[in-house]
Amino acid sequence: MNPQDYDIVLKIKDESDIAVSRQMAKNFAQKMDFSLADVTKIATAVSELARNIYRYAKEGYIYIRKKEGGSEKAPAIEILACDRGPGIENVELAISGGYTTSERSLGLGLAGIRRLMDSFHIESEVGKGTVVIVEKRRRVF
Amino acid sequence: MNPQDYDIVLKIKDESDIAVSRQMAKNFAQKMDFSLADVTKIATAVSELARNIYRYAKEGYIYIRKKEGGSEKAPAIEILACDRGPGIENVELAISGGYTTSERSLGLGLAGIRRLMDSFHIESEVGKGTVVIVEKRRRVF
Amino acid sequence: MDKKEGATMKNKVVPTIKLYDYLLVPIQIELDDNTVERLQMQILHEIHEKEVRGIIIDVSMVDVIDSYISFVLSETAGMAKAMGCYVVICGIQPQVALTLSQMGIKLKDIITAQSLEDAINILDKLE
Amino acid sequence: MDKKEGATMKNKVVPTIKLYDYLLVPIQIELDDNTVERLQMQILHEIHEKEVRGIIIDVSMVDVIDSYISFVLSETAGMAKAMGCYVVICGIQPQVALTLSQMGIKLKDIITAQSLEDAINILDKLE
Ligand SMILES: Nc1ncnc2c1ncn2[C@@H]1O[C@H](COP(=O)(O)OP(=O)(O)O)[C@@H](O)[C@H]1O
Ligand SMILES: Nc1ncnc2c1ncn2[C@@H]1O[C@H](COP(=O)(O)OP(=O)(O)O)[C@@H](O)[C@H]1O
């Protein structure tokens with residue numbers, strides 16, 4: 001993965017970066033002409049990803065880019081969240097929904113992101129870190 | 001007033017300085033051989049003074065010194081709190097007890113300090129700042 | 001956030017309006033995690049101090065409500081309920097409601113109303 | 001305070017012990033303003049989450065309680081009461097009690113007990 005391939009790189013380190021990344025994603029999706037509903041879904045997904053980085057890995061990055069869809073297809077937005085945090089022991093469980101290791105949380109972040117986006121890919125290794133890659137295609141009108 | 005005449009100078013700027021000044025006053029009073037009850041009163045008074053500085057003036061100083069009592073008399077502790085904050089409009093009212101301009105406060109700080117200490121002196125000018133000087137004599141055993 | 005800001009809770013996170021026995025909380029700022037937590041504290045304080053019987057949170061200006069914001073809002077409502085105070089949320093944007101439902105998030109303990117008037121009507125009936 | 005600390009309220013300010021329906025809160029740290037505010041939040045959360053019917057705050061290690069700490073403790077007790085939960089404070093040092101009374105400060109809404117056993121007995125009778 002090459003950071004230069006992305007349109008936006010967001011460092012997540014402070015709690016306030018969660019809200020910032022949410023707004024950046026919203027603006028970017030708006031500029032890509034996503035529908036209001038999809039803009040909201042994308043911004044919400046980024047908010048969840050950023051919070052997980054802040055909460056579980058203390059710091060990490062979120063990369064956002066526009067992916068052209070080729071001659072006929074509409075473009076897509078790709079979001080990549082990565083950190084060198086503790087990793088997830090049981091990924092299946094973590095993305096199943098309702099599972100959380102936080103005391104005050106719903107455990108619906110990862111499961112929610114998966115439902116909001118068109119594609120969802122996660123790789124995590126205990127002690128190494130976590131990478132989540134999601135995509136949402138713009139609807140053809 | 002000369003800062004060099006004092007044993008301890010505490011800058012109050014952060015909220016955590018309130019607890020620090022409280023502990024410093026406690027230690028100093030203990031070293032001066034005040035009774036446990038008086039140590040507690042002195043530390044509590046300093047806590048109130050420091051909070052008022054932090055709350056109303058944003059920053060200021062607390063000076064503490066030992067005052068020798070002369071041949072026969074026991075020594076005293078003097079505490080001077082000063083700030084260049086907004087000052088107090090109606091000093092009489094402010095020290096009468098129960099009056100407060102804070103939403104979540106008892107308004108018993110200044111009145112309380114006055115009752116806890118042997119002497120209490122306050123000077124305040126709106127737009128200029130506030131100075132509170134209090135003393136407590138060590139009891140002769 | 002400046003340290004002084006959160007310090008003594010003197011400053012409210014959100015200005016509120018007392019309406020009969022109800023407290024109207026119009027959210028016109030970005031709900032970052034810290035803000036939503038301080039808002040929770042503010043609401044609980046105001047219930048306690050002003051003997052409020054109902055809270056109306058107007059979220060019509062809020063364009064993203066994620067899982068943690070939802071959690072804290074529900075938790076606040078649960079605590080408010082335990083203090084004898086109902087919480088109604090009004091003006092939730094359709095796309096925000098859609099996103100929440102797609103994520104499987106329910107605003108537990110919170111009553112949902114279309115408008116401010118609806119919110120007041122619901123609270124009036126609950127008394 | 002580190003920003004992360006206060007952030008998600010994940011970390012408790014004070015470790016607590018559940019005892020029957022009661023929550024024992026032994027305060028073994030310096031109560032600076034921020035800590036006492038976060039403690040208030042923690043207590044309210046725990047009442048809500050663990051369905052606690054009584055809180056026992058052990059202040060035997062606390063050597064200074066000033067007007068703001070008193071205010072927040074009383075306020076917490078008032079809010080807890082509104083949530084159906086009594087707050088008992090135990091182990092208050094005699095010189096601290098003396099200082100508070102001399103200042104004219106009353107711990108409103110808080111029940112005072114000599115010891116932990118007394119606190120439990122009082123709560124048992126209140127049920
Ligand atoms: N970046 C990450 N690093 C380590 N663990 C994570 C990460 N993201 C998620 N997790 C783990 O997966 C669980 C579920 O995450 P999520 O569905 O977002 O819900 P929540 O954050 O509300 O618990 C978390 O509780 C945590 O244990
Ligand atoms: N250093 C100060 N600068 C300006 N105003 C002050 C200062 N100290 C106290 N005051 C004013 O006097 C009032 C009473 O103070 P105090 O008795 O300590 O109670 P409280 O701080 O609980 O209100 C305060 O509410 C404030 O308006």
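Naming: A, B, ... by sequence-line order, numbering from 1 per chain.
- Within 6.0 Å of NZ on Lys50(C) lie more than 12 heavy atoms contributed by other residues, nucleotides or ligands.
- Both the backbone and the side chain of Gln102(C) come within contact range of chain A, each with at least one heavy atom under 4.5 Å from a heavy atom of that chain.
- For Arg65(A), the CZ atom counts as densely surrounded, since its 6.0 Å shell holds more than 12 non-hydrogen atoms of other residues, nucleotides or ligands.
- Applying a 4.5 Å heavy-atom cutoff, none of the residues of residues 110-117 of chain C approach chain A.
- The two residues Val72(C) and Arg104(A) make their nearest non-hydrogen contact at CG2-NH2, 4.0 Å.
- In this structure, the portion of Leu98(C) lying under 4.5 Å from any heavy atom of chain A is its side chain and not its backbone.
- Within 6.0 Å of atom NZ in Lys106(C), 12 or fewer heavy atoms from other residues, nucleotides or ligands are found, so the atom counts as exposed in its surroundings.
- When each of Leu36(A), Val20(A), Ile18(A) is scored by its heavy-atom pairs under 4.5 Å with chain C, the top score falls to Leu36(A).
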query = What do the steps show when you test Gln23(A) against Asp63(C) for side chain to side chain contact (heavy atoms under 4.5 Å, CB included), and what is the final call?
reply = CA-CA 10 Å; Gln23(A) 287 305 324; Asp63(C) 50 17; 3.8 Å; yes
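- Rounded to the nearest 0.5 Å, atoms NZ (Lys41(A)) and CE (Met103(C)) are 11.5 Å apart.
- Scanning residues 112-125 of chain A against chain C with a 4.5 Å non-hydrogen threshold yields Gly112(A), Ile113(A), Arg115(A), Leu116(A), sorted by number.
- Around the OH atom of Tyr61(A), the shell of radius 6.0 Å holds no more than 12 heavy atoms that belong to other residues, nucleotides or ligands.
- Listed options Asp32(C), Leu100(C), Val64(C), Thr35(C) were ranked by heavy-atom pairs under 4.5 angstrom with chain A; first place goes to Val64(C).
- Remark: Glu49(C) CD is packed, more than 12 non-hydrogen atoms of other residues, nucleotides or ligands lying under 6.0 Å away.
- Between atom OG of residue Ser74(C) and atom CG of residue Leu106(A) there is a gap of 7.0 Å, rounded to the nearest 0.5 Å.
- Distance CG/Asp33(C) to CZ/Arg55(A): 7.0 Å, rounded to 0.5 Å.
- Side chain of Glu48(A) to backbone of Ser67(C): a donor-acceptor contact under 3.5 angstrom is found.
- Using a 4.5 Å cut-off between heavy atoms, Gln93(C) does not touch chain A at all.
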